[in-house]
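One structure is given below, encoded as structure tokens.
First the proteins, then the strands, lettered A, B, ... as listed; each starts at 1. Hydrogens, waters and symmetry mates are skipped; everything else that's a heavy atom, side chains included, is used.
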2 protein chains.
Amino acid sequence: MAIHKKESFSQKEQDLAEFAKALAHPARIAILKVLAQHNECICGQIVDVLPLAQSTVSQHLKELKNAGLINGTVDGPRSCYCINWKAFSTFMGEFSFLFNKLKVQNEKACC
Amino acid sequence: MAIHKKESFSQKEQDLAEFAKALAHPARIAILKVLAQHNECICGQIVDVLPLAQSTVSQHLKELKNAGLINGTVDGPRSCYCINWKAFSTFMGEFSFLFNKLKVQNEKACC
DNA sequence: CATATTAATCGTATATTTGCGATATAAAAT
DNA sequence: ATTTTATATCGCAAATATACGATTAATATG
């Protein structure tokens with residue numbers, strides 16, 4: 001690939017894409033579901049219910065954390081994770097807003 | 001990567017991840033915005049406003065179409081695209097439902 | 001029919017993601 | 001102090017995604 005082109009899009013477009021990318025793997029969707037059901041989990045609990053190695057789960061958790069969708073705190077030898085509902089709502093709201101806004105003014109039939 | 005692991009997740013998890021993946025690039029977000037603003041567009045109109053080559057835009061359109069987020073019909077030598085609002089609403093609804101449902105029963109403080 | 005227009009596809013290079021085992025780190029338990 | 005437990009990180013291999021130019025295909029137009 002010659003050059004990175006992502007930077008040539010608006011910040012908002014990049015942010016939404018980043019959010020979507022964090023959700024763009026079934027393992028991460030599954031992790032979010034587990035976190036939501038238990039309110040908070042340590043890494044090992046998630047490893048137990050996913051068909052992935054510990055190191056792989058840890059990597060997915062890191063990506064979710066980097067995207068701001070989950071919080072993680074060290075708790076003794078464990079790491080405790082939970083969903084960052086605030087960030088989640090913000091992003092979902094932004095998506096709905098963007099596309100609902102556009103949808104309203106634009107529900108005509110098309111090709 | 002040794003083996004594909006995506007299949008070991010539920011169909012719903014895979015579907016949501018697929019939807020998110022379609023949105024996981026700023027170019028595709030931008031394309032959806034252009035389509036929403038114009039109701040429908042031919043490929044060339046999109047190429048004109050994006051900082052990408054025609055072949056690259058065509059590829060992104062193909063991905064959006066495969067994900068079911070846009071419709072595309074051949075119109076003479078052109079291809080006409082528009083947003084599939086129905087599919088879009090379905091997916092957005094599924095996301096909101098999944099996470100709002102979980103959120104309601106689960107808004108406690110966490111780590 | 002020849003040619004221009006429009007878009008899809010092919011081939012290729014490069015970047016990123018995914019996944020795992022091995023190893024490192026850090027706290028807790030013995 | 002050593003061992004156990006829990007997690008993160010490193011290094012690697014394989015799969016995917018991104019981007020483009022060149023080519024192809026299909027329809028218009030002169």
* Asked: Once you round it to whole Å, what is the distance between P of dT9(D) and CD of Glu63(A)?
  -> 12 Å
* Asked: Is there a donor-acceptor pair closer than 3.5 Å between any side-chain N or O of Lys6(B) and the backbone N or O of His25(A)?
  -> no
* Asked: Do you reckon Leu32(A) sits in the same ILVMFWY cluster as Leu16(B), going by side-chain contacts under 4.5 Å, direct or chained?
  -> yes
* Pair listing, salt bridge (Lys or Arg N to Asp or Glu O under 4.0 Å) test, anchored in residues 46-75 of chain B, at least two apart -> Arg28(B)-Glu63(B)
* Asked: Which heavy-atom pair separates Tyr81(B) from Gly72(B) by the least distance, and what is that distance?
  -> CD2-CA, 3.6 Å
* Do you reckon Val47(A) sits in the same ILVMFWY cluster as Leu50(A), going by side-chain contacts under 4.5 Å, direct or chained? -> yes
* **Residue-phosphate contact under 4.0 Å: His60(A) side-chain N/O, dT17(C) OP1/OP2** => no
* Linking I/L/V/M/F/W/Y whenever any side-chain heavy atoms sit under 4.5 Å apart, do Ile29(B) and Val34(B) land together? -> yes
* Lys62(B) NZ to dA19(D) C1', straight-line distance once rounded to whole Å -> 15 Å
* Asked: Please give, in whole Å, the distance from dA7(C) P to Ile31(B) CD1?
  -> 13 Å
* Length of the CZ-P vector between Arg28(B) and dT16(D), whole Å -> 15 Å
* **Any donor-acceptor N/O pair, Thr56(B) side chain to Leu52(B) backbone, under 3.5 Å** => no
* Kindly calculate the angle separating the two end axes of the helix from dC1(C)-dG30(D) to dT30(C)-dA1(D), each obtained from five base pairs, and round it to 10 degrees. => 10°
* Looking only at heavy atoms, which two atoms of Phe91(B) and Ala67(B) are closest? And how far apart? -> CE1-O, 4.3 Å
* Among Leu23(A), Leu35(A), Ile31(A), side chain to side chain contact (heavy atoms under 4.5 Å, CB included) partner for Leu69(A) -> Leu23(A)
* To do: Describe, in one word, how the ring planes of Phe19(B) and Phe95(B) are oriented to each other, choosing from parallel (under 30°), tilted (30 to 60°) and perpendicular (over 60°).
  => tilted
* To do: Could you tell me whether the phosphate oxygens of dA15(D), OP1 or OP2, come under 4.0 Å of any side-chain nitrogen or oxygen in Lys6(B)?
  => no
* **Which residues share a salt bridge (charged side-chain N to carboxylate O under 4.0 Å, His left out) with Lys12(B), sequence neighbours left out** => Glu94(B)
* Structure fact -> Between CD of Gln14(A) and P of dT18(D) the distance, given in whole Å, is 14 Å
* Going by heavy atoms closer than 4.0 Å, what residues in residues 41-56 of chain B are next to DNA chain C? -> Ile42(B), Cys43(B), Gly44(B), Gln54(B), Ser55(B)
* Asked: Is there a residue in residues 18-27 of chain B whose heavy atoms reach under 4.0 Å of DNA chain C, and which residues are they?
  -> none
* Using only heavy-atom distances, decide whether a donor-acceptor pair under 3.5 angstrom links the side-chain of Gln59(A) to the base of dC20(C). => yes
* Structure fact -> Sorted by number, residues from residues 67-81 of chain A placing a heavy atom under 4.0 Å from DNA chain C are Gly76(A), Pro77(A)
* May I have the distance from Lys5(A) (atom NZ) to dT14(C) (atom P), rounded to whole angstrom? => 17 Å
* Structure fact -> In Asn39(A), Asn71(A), Ile70(A), the residue satisfying side chain to side chain contact (heavy atoms under 4.5 Å, CB included) with Cys82(A) is Asn71(A)
* **Protein-nucleotide distance (Leu61(A), atom CG; dG19(C), atom C1'), rounded to Å** => 15 Å
* Is there a path from Val49(B) to Ile42(B) through hydrophobic residues (I, L, V, M, F, W, Y) whose side chains come within less than 4.5 Å of each other? -> no
* Starting at CG of Asn66(A) and ending at P of dT18(C), how long is that distance when rounded to a whole Å? -> 13 Å
* Do Ser58(A) side-chain atoms and Gln54(A) backbone N/O form a donor-acceptor pair below 3.5 Å? -> no
